[in-house]
Peer 1: 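Next up is a structure, given as structure tokens.
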Amino acid sequence: RKYSYICEECWWEFDWSQIDVNHIIPVWKLTCEEDLPLYFKRLFTEEWFNLLCKWCHKKETSKQLKDR
């Protein structure tokens with residue numbers, strides 16, 4: 001493989017096509033122009049996301065939706 005990534009949940013190695021970006025702090029939706037700064041901050045701040053395999057990301061997203 002040219003590039004490989006480690007899932008930060010299960011610690012298995014994956015090809016880039018099997019990895020998703022998980023936003024630890026949800027990005028949410030834009031409702032007005034004033035939301036833009038916080039939206040982009042949540043979208044691109046590295047401390048606020050991690051790399052997960054598709055399976056772990058699906059589990060995490062499901063858990064976040066249930067907690068809302």
Side-chain angles (χ1 to χ4, degrees):
R1 295 182 212 183
K2 187 172 183 180
Y3 296 104
S4 62
Y5 301 89
I6 305 292
C7 173
E8 294 182 41
E9 183 70 28
C10 68
W11 298 101
W12 284 65
E13 186 175 355
F14 294 93
D15 180 74
W16 70 270
S17 64
Q18 299 168 320
I19 290 288
D20 285 337
V21 173
N22 177 54
H23 290 90
I24 299 166
I25 297 176
V27 176
W28 301 110
K29 295 179 182 179
L30 291 172
T31 56
C32 62
E33 189 176 315
E34 287 79 31
D35 292 343
L36 279 171
L38 184 57
Y39 178 83
F40 285 112
K41 184 175 182 176
R42 287 180 171 181
L43 192 61
F44 297 114
T45 303
E46 276 189 57
E47 298 84 42
W48 293 359
F49 66 81
N50 56 10
L51 298 178
L52 300 178
C53 68
K54 291 191 179 289
W55 190 79
C56 288
H57 186 238
K58 190 174 184 177
K59 279 191 339 186
E60 184 65 29
T61 301
S62 178
K63 186 176 117 186
Q64 287 174 348
L65 289 173
K66 199 183 304 181
D67 290 345
R68 279 191 201 169

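Just so you know, residue 1 is the first one in the sequence shown, and it goes up from there. Only heavy atoms go into these numbers, but all of them, side chains included; no hydrogens, no water, no symmetry mates.
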Peer 1: What distance do Q18 atom CD and L52 atom CG have between them, rounded to the nearest 0.5 Å?
Peer 2: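 Spacing of CD (Q18) from CG (L52) equals 13.5 Å.
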Peer 1: Verify the cluster assignment for W16 and F49: are they in a single hydrophobic cluster under the rule of side-chain heavy atoms below 4.5 Å apart?
Peer 2: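 Hydrophobic grouping puts W16 with F49.
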Peer 1: Which heavy-atom pair separates C53 from C7 by the least distance, and what is that distance?
Peer 2: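 So the two residues come closest at N-SG, 3.3 Å.
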Peer 1: What is the minimum heavy-atom distance between K54 and S17, and which atoms define it?
Peer 2: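 The answer is CE-O, 3.0 Å.
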Peer 1: Would a distance-only check, ignoring hydrogens and angles, find a side-chain to backbone donor-acceptor pair under 3.5 Å from S62 to K58?
Peer 2: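 No, because the side chain of S62 does not come within donor-acceptor range (under 3.5 Å) of the backbone of K58.
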Peer 1: Taking L36 as the starting point, is it possible to reach F44 by hopping between hydrophobic residues whose side chains are less than 4.5 Å apart?
Peer 2: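 In one cluster with F44: L36, yes.
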Peer 1: Taking all atoms of both residues into account, what is the closest heavy-atom pair of E8 and N50, and its distance?
Peer 2: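 What the structure gives for the nearest pair is OE1-CB, 3.2 Å.
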Peer 1: To the nearest 0.5 Å, what is the distance between CG on D20 and CZ on F14?
Peer 2: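 D20 CG to F14 CZ: 10.5 Å, rounded to 0.5 Å.
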Peer 1: Can you tell me how far apart NE2 (H57) and NE2 (H23) are? Round to the nearest 0.5 Å.
Peer 2: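 Rounded to the nearest 0.5 Å, the NE2-NE2 separation comes to 8.0 Å.
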Peer 1: How many angstroms lie between atom CG of D15 and atom OH of Y3, to the nearest 0.5 angstrom?
Peer 2: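 Reported to 0.5 Å precision, the distance equals 12.0 Å.
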Peer 1: Is any side-chain heavy atom of Q64 less than 4.5 Å from a side-chain heavy atom of N22?
Peer 2: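 Yes - at least one pair of side-chain heavy atoms lies under 4.5 Å apart.
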Peer 1: What's the separation between atom CH2 in W55 and atom CH2 in W12, rounded to the nearest 0.5 Å?
Peer 2: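 Those atoms lie 11.5 Å apart.
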Peer 1: Between I6 and I19, is there a shared hydrophobic cluster once you connect ILVMFWY residues whose side-chain heavy atoms come closer than 4.5 Å?
Peer 2: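 The answer is no; the residues belong to distinct hydrophobic clusters.
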Peer 1: Is the shortest side-chain heavy-atom distance between V21 and L51 below 4.5 Å?
Peer 2: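 In contact.
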